[in-house]
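See structure below.
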Amino acid sequence: MSLFGSHDASAGAPSFPAAASPLLANLNPEQLAAVTLPVGNALILAGAGSGKTRVLTTRIAWLMQTGQVSPGGILAVTFTNKAAKEMMTRLTAMLPVNVRGMWIGTFHGLCNRLLRAHWKLAHLPSTFQILDTQDQLSAIKRLMKQYNVDDERFPAKQTQWFIAGAKEDGLRPRDVEVRSDDDRKKVELYQLYEEQCQREGVVDFGELMLRSYELLRDNDAVREHYQRRFRHIMIDEFQDTNRLQYAWIKMLSGRTAEGRFEPSGHNSVIAVGDDDQSIYAFRGARVGNMADFVREFDVQRQIKLEQNYRSFGNILDSANALISNNTKRLGKSLRTEQGPGEPVRVYESTSDFAEAQWMVEEMRQLAREGIDRKEMAVLYRSNAQSRVIETALFNAAVPYRVYGGLRFFERAEIKHALAYLRLLENKDDDTSFLRVVNFPPRGIGARSIEQLQDAARAAGHSLHDAVSAVGGKAGANLSAFVAKIDVLREQTVGISLREIIELVLDHSGLIEHYKADREGADRIENLEELVNAAESFVTQEGFGRDAVALPVDELRQSPASQGLDPSLPVIDEPLAPDAETGETLSPLAAFLTHAALESGDNQAQAGQDAVQLMTVHAAKGLEFDCVFITGMEEGLFPHENSMSDFDGLEEERRLMYVAITRARQRLYMSHSQTRMLHGQTRYNLKSRFYDELPEGALKWLTPKNQGFAPSAFGYGGGYATSRGAGGGYSKDSFASPPVPPQKAAPSHGLRSGMQVFHNKFGEGTVVSLEGSGDDARAQINFPRHGVKWLALSVAKLTPV
DNA sequence: GCGGTCTAACTTTTT
DNA sequence: GTTAGACCGC
């Protein structure tokens with residue numbers, strides 16, 4: 001079953017005395033082996049709650065403490081800023097070390113650092129700015145309008161997806177395989193988009209990765225420099241890496257002669273991941289990178305961290321049983337030394353409203369038992385489900401916090417302010433120009449802008465530079481805007497970042513505009529917060545202060561750095577000065593980069609003891625005492641859009657696995673017979689994932705539906721209607737996986753093609769039928785309301 | 001050019 | 001049920 005044999009845990013016999021360091025105290029044998037792995041490439045399969053971050057940080061600390069590497073020889077890559085920060089915080093707590101000398105950060109953050117240091121070689125302007133997803137979309141829309149592309153046939157979103165996807169695979173326009181006329185058009189747009197970005201001096205997220213990959217690929221000296229420097233490379237959440245990120249790691253860690261990859265032998269790459277928690281395939285993540293890594297990096301050591309320190313037995317048994325239904329797995333099973341704990345409670349409600357109501361009651365009970373509200377989390381598959389729950393919590397006056405939604409730097413008013421700031425830094429940033437040229441409104445409408453765009457195109461100028469070409473009233477308004485920007489730019493010389501932002505907020509008219517708006521108070525508050533964000537950024541990054549003394553000498557002397565190219569800069573700062581000129585990014589440019597790379601917190605009010613609401617995706621990496629998984633229904637979870645293909649269903653199952661493993665003590669799952677979705681009532685069957693959980697670990701709070709009649713589904717009568725209180729725990733209960741449902745004799749008397757009448761939807765035609773007993777449902781085409789799935793135990797249908 | 005109204009869409013999301 | 005974007009009339 002396991003792709004890798006069983007030779008793992010004992011693999012890394014420490015070559016340094018383990019007892020010598022208090023760092024290594026209290027590690028289990030597998031963790032110890034991982035922390036003290038000898039030089040060489042290794043894969044660590046780290047299950048949920050197995051102490052992965054602790055292992056990673058302890059290893060870095062141990063390597064430095066034992067003198068095997070200096071801070072400059074470390075490269076640790078994560079996906080989120082949060083994870084990177086967490087790592088640095090824990091590391092500083094372990095060792096008195098200057099973390100700034102280490103390259104710990106997100107893929108994109110580190111790529112940015114590389115490109116800032118070698119901007120010339122990367123063919124970028126020194127002040128290049130970063131487009132976020134929103135900016136990218138508007139840049140593409142603008143491009144498509146300019147070239148009169150039919151946006152019915154090529155929606156901008158789709159083009160964006162195409163471009164991002166190509167970059168994730170490391171493909172430039174000329175590398176993309178063209179299989180249809182549509183492909184050809186998209187590639188053409190990709191090419192034009194690239195030219196536009198280059199002209200405007202901006203890069204998108206994918207470009208950050210791809211450009212730095214090419215930088216390393218095309219410049220032997222640079223590549224070899226970093227290959228020698230980074231003796232120890234560590235990648236977190238390896239299952240989430242895409243093709244390009246994997247190639248980037250390869251490029252940094254080995255030779256690629258004649259297109260062939262050979263591990264360098266003098267550095268170690270340690271990949272940490274969990275294939276069972278791979279839930280980002282939809283955005284290009286490739287779990288296959290794990291197997292490729294083992295093969296291509298000649299991995300000799302694999303360690304499985306299966307000891308779970310988070311959850312009780314029933315919860316882990318549920319997770320293990322569920323995930324065992326997936327076929328493509330490396331093989332791993334969580335174990336705990338805690339007892340079985342509480343059973344997993346399952347609840348069926350009549351409506352989504354009732355489901356939320358029940359949850360509120362249950363939470364009140366939990367609170368009475370002394371559990372903090374911030375230790376209760378409600379998880380759902382899609383954001384649309386949060387509303388009912390929010391309403392119920394709100395009406396019951398239970399404090400709650402919703403994760404997701406707009407982050408600080410993504411808010412419209414913040415984006416507007418940033419657009420002004422970007423124009424100060426780079427007048428050719430047409431995306432920013434268009435965002436604020438008429439915001440606040442100053443009499444520049446679509447017609448004037450079109451004229452301006454035509455003029456700019458004809459002259460090969462940016463919008464800013466083409467303003468003088470437009471005459472009349474429109475031209476006057478445009479000139480006034482440009483003059484305002486140019487004056488602002490002059491005024492910002494020599495003043496602090498804080499003062500720059502205050503100046504811009506004032507002179508742009510943004511504050512004034514929002515003051516006139518009844519609902520502008522929050523926006524003004526956010527704009528004021530922007531000043532604070534800039535202030536704390538300046539303090540943190542050390543702008544305006546002496547740079548922190550960095551262990552440059554140490555780096556140069558250390559064995560890790562031997563053979564480093566002395567002509568290349570030793571980059572120990574996220575925003576290092578240019579090696580040749582000593583020029584550093586202006587605080588403003590640096591802040592804008594920061595804003596793009598770190599979109600800020602996406603939670604409303606922190607601090608308060610509030611129930612946590614979030615999607616399952618957002619919950620990854622978090623843990624709570626009590627977890628409610630809601631909307632356990634076919635079509636919702638697993639989501640209907642992912643059920644068509646096999647891989648999709650397996651990803652949904654992994655998502656379910658992530659959801660289950662968030663819980664420490666108590667886990668609830670609930671589904672509803674009816675649910676309002678997109679303004680329509682839906683009748684969903686309960687999720688197939690229930691059938692993959694060990695009956696013995698569950699406790700049905702409502703009578704378990706008799707819908708899955710044993711005779712029809714071959715369960716051999718293994719299902720009792722309801723478990724007694726306490727929900728007996730039995731190891732054997734999930735020994736045999738459920739048998740897939742078979743066609744049963746219909747008991748409802750409906751057949752495909754039949755005409756039926758529904759009280760609300762009127763007359764319709766039965767299209768198809770599924771299930772039996774209480775779970776039977778019919779797909780019916782109502783001429784006036786479209787095709788619907790109806791649960792026959794709920795919907796009242798009469799044959800016509 | 002601006003602001004109001006109507007209509008289609010709408011998993012999951014970090015950088 | 002909500003929201004963004006298109007469309008239309010002033």
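Here is the naming used below: chain letters follow the sequence lines, and residue numbers restart at 1 for every chain. Computed from heavy atoms alone, side chains included, the values below leave out hydrogens, waters and symmetry copies.
Among the protein residues, A:Glu652 comes within range of the nucleic acid bases, having at least one heavy atom under 4.0 Å from a base atom. Looking at heavy-atom distances under 4.0 Å, A:Phe107 makes no contact with the nucleic acid at all. A:Ala596 comes within 4.0 angstrom of nothing in the nucleic acid, heavy atoms only. The residue A:Ser642 sits close to a base: some heavy atom pair falls under 4.0 Å.
One interatomic measurement links the two molecules: OH of A:Tyr403 to C1' of B:dT13, which rounds to 16 Å at whole-angstrom precision. Atom CZ of A:Arg113 and atom P of B:dT15 are 16 Å apart (whole Å). Residue A:Phe128 contributes atom CZ, which lies 17 Å from atom P of B:dT15 at whole-angstrom precision. If you measure from atom CD of A:Glu450 to atom C1' of B:dG1, you get 13 Å, rounded to the nearest angstrom. One can place CZ of A:Phe79 at 16 Å from C1' of B:dT12, the figure rounded to the nearest angstrom. Taking atom CG on A:Leu208 and atom P on B:dT14, their separation rounds to 17 Å, with Å as the unit. Atom CG of A:Asn477 and atom C1' of B:dC2 are 14 Å apart (whole Å). Between A:Asp240 atom CG and B:dT12 atom P the separation is 17 Å, expressed in whole Å.
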Please tabulate the protein-to-nucleotide N/O contacts below 3.5 Å involving nucleotides 1-10 of chain C, giving atom names and distances.
residue, atom, partner, partner atom, Å
C:dG1, O6, A:His678, O, 3.2

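Stacking is not found between A:His617 and the pyrimidine-like six-membered ring of the B:dT12 base under the 5.5 Å centre-distance and 30° plane-angle cut-offs. A distance cut-off of 5.5 Å between ring centres, combined with a plane angle under 30°, leaves A:Phe282 outside any stacking arrangement with the base of B:dT13.
A close approach under 4.0 Å does occur between a side-chain nitrogen or oxygen of A:Asn383 and OP1 or OP2 of B:dT13. Side-chain nitrogen and oxygen atoms of A:Arg407 include none within less than 4.0 Å of the OP1 or OP2 phosphate oxygen of B:dT13. Using a 4.0 Å cut-off, no side-chain N or O of A:Thr133 falls inside it from OP1 or OP2 of B:dT13. Taking 4.0 angstrom as the limit, A:Asn438 places none of its side-chain polar atoms (N or O) nearer than this to OP1 or OP2 of B:dG1.
Listed candidates were B:dT15, B:dT11, B:dG1. Nearest to the side chain of A:Arg447 is B:dG1. Side-chain atoms of A:Pro441 lie closest to B:dC2 of the nucleotides B:dC2, B:dT15, B:dT12. Between B:dT13, B:dT11, B:dT15, one nucleotide has an atom nearer to the side chain of A:Asn81 than all others, and that is B:dT15. In the set B:dT13, B:dT15, B:dT11, B:dT13 carries the atom at the smallest distance from any side-chain atom of A:Thr615. With distances taken from any side-chain atom of A:Arg381 to the nucleotides B:dT13, B:dT11, B:dT15, the minimum falls on B:dT11. For A:Leu597, counting side-chain heavy atoms from C-beta on, the closest listed nucleotide (B:dT13, B:dT15, B:dG1) is B:dT15.
Under a 3.5 Å cut-off, the side chain of A:Asn326 and the backbone N or O of A:Glu650 do form a donor-acceptor pair. A distance-only check finds no donor-acceptor pair linking the side chain of A:Asp204 to the backbone of A:Gln136 [under 3.5 Å].
Of the residues near DNA chain B, A:Ile444 and A:Thr106, the one whose nearest nucleotide (by heavy atom distance) lies more toward the 5' end is A:Ile444. Residue whose closest nucleotide on DNA chain B sits further toward the 5' end, between A:Gly443 and A:Lys82: A:Gly443.
Rounding to the nearest 0.5 Å places CH2 of A:Trp119 at 11.0 Å from CG of A:Leu585.
A donor-acceptor pair shorter than 3.5 Å cannot be found between the side chains of A:Asn426 and A:Thr127. A side-chain donor-acceptor contact under 3.5 Å links A:Arg142 and A:Thr431. Between the side chains of A:Tyr403 and A:Gln612, a donor-acceptor pair is found at a separation under 3.5 Å. A:Glu633 and A:Asn684 are linked by a side-chain donor-acceptor pair at a separation below 3.5 angstrom, with hydrogens and angles left out of the test.
For A:Phe282, the CZ atom sits in a packed shell: over 12 heavy atoms of surrounding residues, nucleotides or ligands are nearer than 6.0 Å.
For an aromatic pair to be called close, the ring centres must be under 6.0 Å apart, and A:Tyr226 with A:His118 satisfies this.
Applying the 90° criterion around 0 to the glycosidic angle, B:dT11 comes out syn.
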